[in-house]
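Quick notes on the structure that follows.
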There are 2 protein chains.
Amino acid sequence: MGKPVLPTYKTIAAEITNRIHEGEYKSGSYLPSENQLAREFEVTRTTIRKALNILKERGTIESHQGKGYRVKLLHWEQSLLTFYSFGRDIAWKVQNPETRLLSYNKIRGLKNINEFINTELWEITRLRFMNEIPLILETSYIPVKVMPEFKEEDLKQNSLYNLLKENGVHIVKAKEYLEPVLPSLEDQKLLNIKQNTPLFQTLRYTYDSNEKLLEVRESLIRGDHFRFSVEMTL
Amino acid sequence: MGKPVLPTYKTIAAEITNRIHEGEYKSGSYLPSENQLAREFEVTRTTIRKALNILKERGTIESHQGKGYRVKLLHWEQSLLTFYSFGRDIAWKVQNPETRLLSYNKIRGLKNINEFINTELWEITRLRFMNEIPLILETSYIPVKVMPEFKEEDLKQNSLYNLLKENGVHIVKAKEYLEPVLPSLEDQKLLNIKQNTPLFQTLRYTYDSNEKLLEVRESLIRGDHFRFSVEMTL
DNA sequence: AAGTGGTCTAGACCACGCC
DNA sequence: GCGTGGTCTAGACCACTTA
């Protein structure tokens, strides 16, 4: 009746993931080589490769033959942008990305979210532009306990992920739900669209390694400039 | 200056994929064991495992310790249903799925699709129900050359994938694009919704192994009963 | 008990990037 | 030429399923 022990390769994958979180292996830098890691963990290269492959499939790192494994930058935000890929017929370049902070307030609790009932929350609303066109309207809810303070400047420049990271909070998992919706009057004004322009509404729930809810984010994305794409095989 | 030879494991993965397509390994049945395959292909078990893992990640097969590798049934249709998962707060069971054939006609060419210009096409419109609620309105375009004939019954009962398979056509890849849209007057009637009920519109392009376009399908999916979900790690 | 997939070791050779 | 990741071999032990 001992503890069910994780296979080594998963343990190692988790350990390396941690080191990336903790900043020991920084975004954009190269990991130690397979051989070095094999010596450190006292396993064979095969086992290390299996561990690294997990991170590679997740999109956390990328491998380059002859060079090494590199920690990808902006993993999430980036994969979201390729995920909702750009418009119907346009060969846009994502230029001049800009974020405008619309408001931030302390509120108490959030209906429909059990985990946030009777919790003091930041409500942060931001508008994201590309090529000077307003494309995404985002509202985030974050417990004040999780992020006691922040500067206005940070919300414009940095991603929330990096902000939380600097506060010692490590995001590990997110679930996202997507639905088609129509804009409210206010949405129409902010996004500069008509009432019959359909939108993607996404709801994202972000968790730390203890399954604690860290952020709820609602995004409204203009359907006339973004689309989803998926590829399937077999 | 020899041909660049594919790595063995990819070749084997392709070969096994083919056998599934050809019906040698049938949906729902078990593959030969790793050891048997290793003997047949004259490689080690490790190489066979790597090949099978590719199919496993794609969702083509599933593995069961102590039993073997099983070919999944209805791979695509199924993954689409878990992909667009069900409604906001409902614990629906997917019951009484039903397909109603609305119309099928021969038409000539499809604007905006270069591959189908001056091509004789079937235009097949179907309405899909679940629990007696109309949820998806689908229109497919298939070259008459690809599927010269079919019975009305088949379109109600079978999936197009199986129909094409029986015609010796092997689907290999599909790209799908997703956008939010509003219903036309006719859509409103057929799907029994109001004009302000937003929909997902999906465009799916299906290809065979020679990259030839086999089918273009437009689906309109009720946004009030379906939603997308995605999970991300790290 | 025999067969299957799941994990790991120890060692080999190849293809690629870089100095 | 050397170090890196990519592929493959040969063999071991474990965990699970079935008879």
Side-chain angles (χ1 to χ4, degrees), chain A residues 1-17 19-20 24-73 75, chain B residues 1-17 19-20 24-73 75:
Chain A
M1 288 255 291
K3 285 181 203 168
V5 180
L6 277 179
T8 323
Y9 74 94
K10 282 188 185 171
T11 321
I12 294 176
E15 170 61 21
I16 294 176
T17 304
R19 292 188 186 174
I20 293 172
E24 186 174 340
Y25 303 146
K26 296 200 174 62
S27 274
S29 69
Y30 282 89
L31 298 185
S33 75
E34 292 177 348
N35 281 317
Q36 287 172 39
L37 289 169
R39 277 193 295 276
E40 181 194 336
F41 287 102
E42 299 182 301
V43 295
T44 50
R45 227 186 106 207
T46 316
T47 303
I48 294 293
R49 281 179 63 75
K50 191 151 189 194
L52 292 177
N53 250 307
I54 292 177
L55 304 205
K56 200 164 100 179
E57 277 156 27
R58 276 191 202 148
T60 309
I61 59 178
E62 55 195 3
S63 63
H64 300 285
Q65 193 170 4
K67 297 188 71 178
Y69 290 86
R70 192 180 152 97
V71 182
K72 280 210 214 173
L73 351 134
H75 164 37
Chain B
M1 284 256 288
K3 285 182 202 167
V5 179
L6 277 180
T8 323
Y9 74 95
K10 282 187 186 173
T11 322
I12 295 176
E15 169 60 22
I16 294 177
T17 303
R19 293 185 184 175
I20 293 173
E24 187 174 338
Y25 303 148
K26 297 200 174 62
S27 275
S29 69
Y30 281 89
L31 299 185
S33 75
E34 291 178 347
N35 281 317
Q36 287 173 41
L37 289 170
R39 277 193 296 273
E40 181 194 335
F41 287 102
E42 298 182 303
V43 296
T44 51
R45 227 186 103 207
T46 316
T47 304
I48 294 294
R49 282 181 63 76
K50 190 151 190 191
L52 292 177
N53 250 306
I54 292 177
L55 304 206
K56 200 164 100 176
E57 277 157 26
R58 277 191 201 148
T60 308
I61 60 179
E62 56 193 2
S63 63
H64 301 284
Q65 192 169 0
K67 299 188 69 177
Y69 290 85
R70 191 180 152 97
V71 182
K72 279 209 216 175
L73 345 136
H75 165 34

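If you're wondering where the values come from, they're calculated on a predicted model, not measured in any experiment. Below, all heavy atoms of this structure are taken into account, side chains as well, without hydrogens, waters or symmetry copies. So you know, we letter chains A, B, ... as the sequences are listed, proteins then strands, and number each from 1.
- Across all their heavy atoms, B:Val71 and B:Lys26 have their closest contact at CB-O, 3.5 Å.
- Here C:dG5 presents its P atom at 19 Å from NZ of B:Lys50, a figure rounded to the nearest Å.
- Note on B:Ser33: only backbone sugar-phosphate atoms sit closer than 4.0 angstrom, heavy atoms only; bases stay farther off.
- In this structure, the nucleotide among C:dG5, D:dG6, D:dC8 sitting nearest to the side chain of B:Thr8 is D:dC8.
- If you check C:dT9, D:dT9, C:dT4 against the side chain of B:Asn35, the one that comes closest is C:dT4.
- Of the possible donor and acceptor atoms, one in the side chain of A:Arg70 sits under 3.5 Å from a partner among the backbone N and O of A:Gly28.
- The distance from the CG atom of A:Asn53 to the NZ atom of B:Lys50 is 6.5 Å, given to the nearest 0.5 Å.
- A donor-acceptor distance shorter than 3.5 angstrom exists from the side chain of B:Thr11 to the backbone of B:Pro7, with no hydrogens or angles considered.
- Atom P of nucleotide C:dT7 and atom CZ of B:Arg49 are separated by 7 Å, given to the nearest angstrom.
- For D:dG6, its base sits under 3.5 Å from the side chain of A:Arg45 at one donor and acceptor pair at least.
- Note on A:Lys56: only backbone sugar-phosphate atoms sit closer than 4.0 angstrom, heavy atoms only; bases stay farther off.
- One atom, CG of B:Leu55, and another, P of C:dG5, lie 14 Å apart when rounded to the nearest Å.
- Side-chain proximity of A:Glu34 to D:dG6, D:dT9, D:dT7: nearest is D:dG6.
- Taking atom CD1 on A:Ile54 and atom C1' on C:dT7, their separation rounds to 12 Å, with Å as the unit.
- Going from atom CG of B:Leu37 over to atom P of D:dT9 covers 14 Å, rounded to whole Å.
- Checking the phosphate oxygens (OP1, OP2) of D:dT9, a side-chain nitrogen or oxygen of B:Thr47 falls inside 4.0 Å.
- Partner A:Tyr69 forms a side chain to side chain donor-acceptor pair (under 3.5 Å) with one of A:His64, A:Glu34, A:Glu62 and no other, that one being A:Glu34.
- Atom CG in A:Asn53 sits about 8 Å away from atom P in D:dG6, given to the nearest Å.
- Near DNA chain C, defined here as any heavy-atom distance below 4.0 Å, the residues from residues 58-72 of chain B are B:Ser63, B:His64, B:Gln65, B:Gly66, B:Lys67, B:Gly68, B:Tyr69, listed numerically.
- Rounding to whole angstrom units, OH of residue A:Tyr9 and P of C:dT9 are separated by 13 Å.
- Contact annotation for A:Thr44: base contact, defined as any heavy-atom pair under 4.0 Å involving a base atom.
- Across every non-hydrogen atom of A:Ile12 and A:Ala51, the tightest pair is CG2-CB, 3.8 Å.
- Separating the CD atom of A:Glu42 from the P atom of C:dA10 is a distance of 11 Å, rounded to the nearest angstrom.
- Using modelled atom types, one side-chain atom of B:Thr17 and one backbone atom of B:Ala13 make a donor-acceptor pair closer than 3.5 Å.
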